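Bear in mind that the values here come from a model prediction, so they are computed numbers and not experimental data.
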Protein chains: 2
Amino acid sequence: MSRGPLLSGYEPHRRPRSPRRGRATSTQATLRDVADAAGVSVTTASVALNDVRAGVRVSEPTRRRVREVAKRLEYRPNSVARSLRTQSTQTIGFISDEVTTTPFAVSMLAAAQAEAARHDQLLFVLNVGVDATPAMQRRAVDALVEHRVSGIIYACMHHREIDAPDFLPQRTVFLNARDVTGRHRSIVPDDEQGGRLAATALVEAGHERIGYLDDSAGNVAAPLRRKGFQDVLRESGLGRSASWERSATPDVSGGRDTELFFDLPIDQRPTGLFCFNDRMAMGAYQRLRRLGLHVPDDLSIVGFDDQEFIAAELDPPLTTVRLPLAEMGARAVQQVLDADPATPDEQTVRVPCTLVRRASVGAPPAVLEQG
Amino acid sequence: MSRGPLLSGYEPHRRPRSPRRGRATSTQATLRDVADAAGVSVTTASVALNDVRAGVRVSEPTRRRVREVAKRLEYRPNSVARSLRTQSTQTIGFISDEVTTTPFAVSMLAAAQAEAARHDQLLFVLNVGVDATPAMQRRAVDALVEHRVSGIIYACMHHREIDAPDFLPQRTVFLNARDVTGRHRSIVPDDEQGGRLAATALVEAGHERIGYLDDSAGNVAAPLRRKGFQDVLRESGLGRSASWERSATPDVSGGRDTELFFDLPIDQRPTGLFCFNDRMAMGAYQRLRRLGLHVPDDLSIVGFDDQEFIAAELDPPLTTVRLPLAEMGARAVQQVLDADPATPDEQTVRVPCTLVRRASVGAPPAVLEQG
DNA sequence: CTGAAAGCGCTTACAG
DNA sequence: CTGAAAGCGCTTACAG
């Protein structure tokens with residue numbers, strides 16, 4: 001029954017309505033077109049194509065015929081009509097606080113989209129700046145609500161805490177941000193556990209004096225990472241010294257321009273350093289280089305983020321903690337689609353980080369061992 | 001007329017239909033709800049809210065009343081219904097060949113979304129891998145077509161040439177890719193002009209022997225950049241030598257592991273180097289460093305891409321050519337929305353690159369001048 | 001197994 | 001200036 005390609009002749013429409021129908025150009029075939037061409041009712045065509053109660057609702061030959069016609073006419077169901085009828089668009093809104101703008105956290109988006117596709121959902125992606133006014137945010141949310149998305153994911157580039165505005169629909173989940181009102185579910189990385197990972201990597205390599213280059217910009221991740229880091233040091237019975245801790249802007253210049261501990265007597269300086277993020281670590285590399293020092297011979301370094309094009313490309317490649325951004329993105333979609341609201345104590349999901357071992361961690365300098 | 005917040009009482013629905021309507025929870029108000037509460041017909045409510053022929057179609061007092069009620073009920077028009085009726089979803093599909101996955105070209109997406117918002121359009125974002133089979137691509141396109149997007153943007157991470165599959169709707173535009181069938185419009189960066197920019201920067205700094213580290217991976221941008229580069233050298237009356245040209249994989253290792261020209265006699269080596277991209281330039285930095293050489297004192301370097309977190313963060317910061325990704329993304333949306341199909345010779349839009357001057361270009365080493 | 005009918009929530013001629 | 005009616009393209013009781 002292959003009567004040639006695209007839009008070949010079939011029985012003319014019985015439909016008397018629009019005279020515009022020349023069918024010359026590529027008007028999309030409707031379900032009615034299919035039904036007419038197959039000689040069945042629209043009801044039957046619908047059922048046949050959707051396989052509702054397959055085999056019993058519609059006879060197999062009819063089903064086949066409808067499907068063949070649909071194929072021949074290149075029928076594509078109109079999900080707009082379907083959505084209106086079923087009161088369900090297969091659609092999720094993804095609002096981002098710059099994640100689409102900054103390469104940094106884009107894997108959240110990619111993973112969210114992939115997970116959405118797995119559930120036959122499409123993603124509307126909307127970028128509002130970090131500095132968006134409430135009015136701008138509201139406009140973004142409204143656009144999504146008007147399109148009747150089944151839920152909204154509000155994603156942030158950096159782990160943040162947010163006082164959720166009240167114009168957000170019930171079915172909103174925060175991604176890489178925690179809603180402090182507790183009204184919405186939140187998915188965040190487990191920064192504290194990540195900090196533990198970093199410290200552990202250094203401790204296990206034999207370091208006993210470990211410094212920390214902290215963030216001075218007030219990221220909510222900072223105290224968490226620091227806590228995990230310090231807990232491990234304490235549990236390992238290692239000392240701490242205020243002179244081993246520094247803080248700076250969380251970027252390359254922060255890492256490069258911060259004076260480290262090389263003014264300390266050689267037997268009192270840290271032999272390992274944990275940096276709040278990879279960019280600071282990159283800056284620390286640059287500073288060491290200017291000092292004629294080497295990683296990891298003179299100083300072992302652990303970063304945070306496993307940032308693409310940085311961590312793996314540094315010389316030597318950086319050992320770092322990887323944020324579970326992809327998993328977080330996927331989880332966000334699952335949460336949005338998940339019917340039952342989480343119990344209160346499950347409102348915040350913390351996804352664990354992983355350690356990526358590369359070449360920036362080595363044993364402590366031998367000369368210092370005996371110091 | 002502020003009768004309290006959300007869903008406060010108004011005249012009960014005359015609508016006898018669904019008994020499900022408890023209105024207890026947050027059911028979205030419909031236009032009919034608004035009309036009932038305002039004591040007008042649905043027609044009038046629609047016209048009042050949409051400002052059709054403002055002032056003449058509906059009296060000002062009526063208009064105001066309807067709007068007040070709409071506000072009180074937190075009415076949000078249902079664009080699904082509107083789309084079905086008007087046969088126009090305000091929606092564009094953005095299919096990406098990994099752009100959402102790789103931080104690299106994400107600004108195309110961000111700019112496209114911003115431009116779309118400017119036209120009251122929402123973007124469906126879909127990521128298909130570079131290695132997606134035709135069947136997978138088709139599924140992505142179908143999903144978009146079923147949602148009746150008004151057009152599709154097919155974005156590629158790297159400048160490519162594509163033989164457009166025939167299942168793409170007419171209104172598709174390629175972004176960062178050229179459709180070789182000529183059936184669709186394409187927006188690409190002007191790599192040749194970018195190559196000219198790079199060469200010019202070096203020539204103007206006084207370099208007379210300029211090397212090129214080319215891409216060996218077959219990127220379509222490579223011959224274009226090389227041509228622009230070489231044209232400028234020729235026009236400047238500078239010589240060329242095969243021994244000044246190398247090619248390697250377009251990443252950090254490619255730049256780092258390629259032997260440059262330091263085996264040549266000092267008065268015959270290039271004093272400037274143009275790298276196919278920033279990552280190769282980053283690799284070249286690393287190699288020079290191992291050789292104990294400095295940028296730009298020993299070698300001036302120009303990259304390509306102005307890649308975030310790399311170009312500006314290198315030590316010294318890299319002079320490079322910036323791809324007009326944001327402008328390209330915005331143009332793509334304009335093209336999709338643009339009713340009149342371009343004339344054949346306008347099928348491909350080439351957007352110019354810009355030079356970003358930083359610190360990796362200096363004068364040629366003095367010692368070599370006299371060579 | 002099949003079809004006629006209602007209705008999702010809008011917009012837009014059309015008639016008053 | 002206002003409203004009743006049709007219809008966008010589907011799905012889904014409901015009745016045969």
Side-chain angles (χ1 to χ4, degrees), chain A residues 13-21 27-36 38-66 70 73 75-90 145-148, chain B residues 13-21 27-36 38-66 70 73 75-90 145-148:
Chain A
H13 296 131
R14 269 171 280 140
R15 165 178 49 180
R17 356 169 227 178
S18 34
R20 68 174 162 83
R21 291 253 155 188
T27 320
Q28 272 288 348
T30 77
L31 186 59
R32 166 143 192 187
D33 292 328
V34 174
D36 286 356
V40 298
S41 72
V42 168
T43 302
T44 299
S46 171
V47 171
L49 291 175
N50 291 316
D51 260 340
V52 190
R53 312 221 283 120
V56 25
R57 183 65 177 76
V58 113
S59 75
E60 190 50 33
T62 306
R63 199 191 83 103
R64 244 200 311 272
R65 186 154 35 90
V66 171
L73 300 189
Y75 171 68
R76 296 282 175 276
N78 183 333
S79 5
V80 175
R82 172 182 289 161
S83 296
L84 181 59
R85 174 58 229 242
T86 62
Q87 296 289 76
S88 143
T89 67
Q90 303 270 74
V145 169
E146 293 181 6
H147 280 265
R148 297 298 187 264
Chain B
H13 296 134
R14 270 171 280 142
R15 163 179 51 181
R17 358 168 224 175
S18 34
R20 69 176 160 82
R21 289 253 156 192
T27 319
Q28 272 287 349
T30 76
L31 187 59
R32 168 146 187 185
D33 293 329
V34 174
D36 286 357
V40 298
S41 72
V42 169
T43 302
T44 299
S46 171
V47 171
L49 291 174
N50 290 314
D51 261 339
V52 190
R53 310 220 284 120
V56 25
R57 182 67 177 77
V58 112
S59 74
E60 190 49 31
T62 306
R63 199 190 83 103
R64 244 200 310 273
R65 184 154 37 90
V66 171
L73 300 188
Y75 171 68
R76 296 282 174 277
N78 183 333
S79 5
V80 175
R82 173 182 289 161
S83 296
L84 181 59
R85 174 59 230 245
T86 62
Q87 296 289 78
S88 142
T89 67
Q90 303 271 74
V145 169
E146 293 182 5
H147 280 266
R148 296 299 188 266

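- Among the atoms of the strands shown, none is found under 4.0 Å from any heavy atom of A:Ser79.
- The A:Thr30 side chain lies nearest to D:dG9 when the options are C:dC1, D:dT11, D:dG9.
- Residue A:Val42 is classed as a base contact, given a heavy-atom separation below 4.0 Å to a base.
- The side chain of A:Thr44 has C:dT2 as its nearest neighbour among C:dT2, D:dT11, C:dC10.
- Within the 4.5 Å cutoff, side-chain heavy atoms of A:Leu49 are placed close to those of A:Leu31.
- With rounding to whole Å, B:Leu31 atom CG is found 19 Å from D:dC8 atom P.
- Atoms CG (B:Asn78) and P (C:dG7) sit 18 Å apart, rounded to a whole Å.
- Atom CG of B:Leu73 is separated from atom P of C:dG9 by 14 Å (rounded to the nearest Å).
- Side chains of A:His147 and B:Thr89 form no contact here, defined as non-hydrogen atoms less than 4.5 Å apart.
- No contact: B:Ser83 has no heavy atom under 4.0 Å from any strand.
- Under the 3.5 Å distance criterion, the side-chain polar atoms of A:Thr30 are matched with a main-chain donor or acceptor of A:Asp33.
- If you measure from atom NE2 of A:His147 to atom C1' of C:dG9, you get 14 Å, rounded to the nearest angstrom.
- Toward the 5' end of DNA chain D, the nearer of the two residues B:Arg65 and A:Ala81, judged by each one's closest nucleotide, is B:Arg65.
- A straight line from CZ of B:Arg76 to P of C:dG9 spans 16 Å, rounded to a whole angstrom.
- Atom-to-atom, CG of A:Leu84 to P of D:dT12 comes out at 13 Å; the value is rounded to the nearest Å.
- At a threshold of 4.0 angstrom between heavy atoms, the contacts of B:Thr43 include nucleobase atoms, whether or not backbone atoms are also involved.
- Proximity of a side-chain donor or acceptor of A:Ser83 to a complementary backbone N or O of A:Ser79 within less than 3.5 Å is detected.
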